[in-house]
Enquirer: 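Got a structure for you, questions after.
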Amino acid sequence: MKESIMTESLPLHGGQLRKIANHFGIPPAQLIDFSANINPDGPPKGVVPALRSALDALSSIVDYPDLDEISLRQALARYVGVGPENVAVSNGFVPLLEVLLGTLSIRSCAVPVPAFVEYRRTLERCRVSIRTQALSDSSGLRCDLDDLLKISCDAILLANPHNPSGVLLNREALLEFVQKAAEQNRHVLLDEAFIDYCPEDSLAGEVKRFPNLIVFRSVTKFFALAGLRVAYALASERLCKQMRMVVAPWSITTLASMAAEVALADEDYRDRTRQLNRERRELLQDAITRLGIRTFPSAANFLLMKISDLDSHQLWERMIRIHHIVLRNCANYESLSPGYFRAAVLTETENEKLIQALKTECHH
Ligand SMILES: Cc1ncc(COP(=O)(O)O)c(C=O)c1O
């Protein structure tokens, strides 16, 4: 029943480097992975030493993790600016979304598309009927919030910044949208997986004011801890309590929660990451634009490009075979025509390799 991770040799997700390396017969270490949006500078410097000393103590792998994840929830609450009673945690976004859909008995959900592929997969698995709003290329893939409210549904699931475009919705407009949704008795499921790059635009601090707002966040990308799996949801005290009762027990390992706590405490790392990402993204975007390739205004650590005058599957393969660069070919994103590619913002050297490769491939 499980479908292959490669659909017509396209991975379902970014970050499938081993699979791609195997498929193309190239050692993984020789590939540059632009397909997963993970901080290229790695986790905060305290994380690995903390993991090493935790392993020395043995109890971190012998004993069960704290069932209530008190310490992790306190660290997340401090980081976001809410109370630990407003936090629920699990080992990824998908299990949290599943729990929420069940807890709220959501039957129908509106989703602007293109969107993260797991939205549809999870909603379908949970038997939620999906009402899509197609984002148009001409509006720059920017979601029309008023139109979204016209769709009849129990809940609305959307990302800010948007994936795959990186487009950021205005905070005030989103707040008004949550308020209107509340008046219509609808829940807003807001995926802020990339909001750490622009935290001033987060609505996480508003969950106490709006019981219909649930914000999903993650430490996987910004803190480069994707392999350790820690995600969290922020919501009213009542809803979080219900969610915590349903989340699978011990879903986060002791080592993962400890690593996340160490990462969250490093304020310099946050500032540096945001500044470096902004500088690198601007340089990359300027260079790509100069090649005549359209990009979208991104607030996140990735850029969506439109290269529609070449065969997109061939281009994706040539980038791998010839340049050892793995892009996210967005052809399997719902409602997106072929020709869209997403690239993570990596280090200056890596970004330069991407620019040179695009120059070779897209030279007319
Ligand atoms: C928009 C979006 N939301 C959620 C996730 C899942 O994040 P996590 O690693 O926390 O499960 C991703 C991962 O790619 C994503 O792109």
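Note that ligands are numbered from 1 as they come in the structure, with each ligand's atoms numbered from 1 the same way.
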Enquirer: Begin with the C-alpha distance, continue with both residues' side-chain angles, and end with the deciding distance and a verdict on salt bridge (Lys or Arg N to Asp or Glu O under 4.0 Å) for E206 and R171.
Expert: CA-CA 11 Å; E206 306 292 335; R171 189 176 190 281; 2.8 Å; yes

Enquirer: Do other residues, nucleotides or ligands put more than 12 heavy atoms under 6.0 Å from R107 CZ?
Expert: no

Enquirer: Which atoms of ligand 1 sit under 4.0 Å from any heavy atom of T220?
Expert: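 That gives atoms 8 (P), 9 (O), 10 (O) of ligand 1.
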
Enquirer: Taking a cutoff of less than 4.0 Å between a non-hydrogen atom of the residue and any ligand atom, is E118 in contact with ligand 1?
Expert: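 It does not, in that no heavy atom of E118 comes within the 4.0 Å cut-off of ligand 1.
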
Enquirer: I'd like to know whether E261 forms a side chain to side chain donor-acceptor pair (under 3.5 Å) with S71, so could you lay out the CA-CA distance, the side-chain angles of the two residues, the decisive distance to 0.1 Å, and finally the verdict.
Expert: CA-CA 8 Å; E261 285 175 47; S71 171; 2.7 Å; yes

Enquirer: For F223, run the side-chain contact (heavy atoms from CB on, under 4.5 Å) check against V47, N39, L264, D266 and tell me which one passes.
Expert: L264

Enquirer: R229 near ligand 1, heavy-atom distance under 4.0 Å?
Expert: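 Contact check R229 vs ligand 1: positive.
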
Enquirer: Kindly say whether S136 contributes a backbone atom to a donor-acceptor pair with the side chain of S139 at under 3.5 angstrom?
Expert: yes

Enquirer: Any idea which atoms of ligand 1 are less than 4.0 Å away from a heavy-atom of G92?
Expert: 11 (O)

Enquirer: Atoms of ligand 1 less than 4.0 Å from D191 heavy atoms?
Expert: 1 (C), 2 (C), 3 (N), 4 (C)

Enquirer: Parallel under 30°, tilted from 30 to 60°, perpendicular over 60°: which one fits the rings of H313 and W316?
Expert: tilted

Enquirer: Examine the proximity of ligand 1 to F216 and report which part, side chain or backbone, both or neither, has a heavy atom under 4.0 Å away.
Expert: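 It is neither; nothing of F216 touches ligand 1.
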
Enquirer: Please list, in number order, the atoms of ligand 1 under 4.0 Å from a heavy atom of A231.
Expert: 10 (O)

Enquirer: What I'd like to find out is whether the side chain of V167 reaches to under 4.5 Å of the side chain of L135, using heavy atoms alone.
Expert: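 They are not in side-chain contact.
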
Enquirer: Under a 4.0 Å threshold between the charged nitrogen and the carboxylate oxygen, would R73 count as salt-bridged to E69?
Expert: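 Salt bridge flag = no for R73 with E69.
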
Enquirer: What protein heavy atom lies closest to atom 10 (O) of ligand 1? Include the residue and the distance to one decimal.
Expert: S218 OG, 2.7 Å

Enquirer: Please write down residue, atom name and distance for the protein heavy atom closest to atom 16 (O) of ligand 1.
Expert: N163 ND2, 2.8 Å

Enquirer: Can you tell whether the side chains of R217 and D196 come within less than 4.0 Å, N to carboxylate O?
Expert: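 Salt bridge present between R217 and D196.
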
Enquirer: What residue and atom, counting heavy atoms only, is the protein's closest point to atom 5 (C) of ligand 1, and at what distance?
Expert: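 Going by distance alone, atom 5 (C) of ligand 1 is nearest to F116 CE2, 3.4 Å.
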
Enquirer: Could you identify the single nearest non-hydrogen protein atom to atom 14 (O) of ligand 1 and state the distance to 0.1 Å?
Expert: K221 NZ, 3.4 Å

Enquirer: Please list, in number order, the atoms of ligand 1 under 4.0 Å from a heavy atom of A193.
Expert: 2 (C), 3 (N), 4 (C)

Enquirer: Indicate, as side chain, backbone, both or neither, the part of F93 found under 4.0 angstrom from ligand 1 when only non-hydrogen atoms are considered.
Expert: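 F93 to ligand 1: contacts from backbone and side chain alike.
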
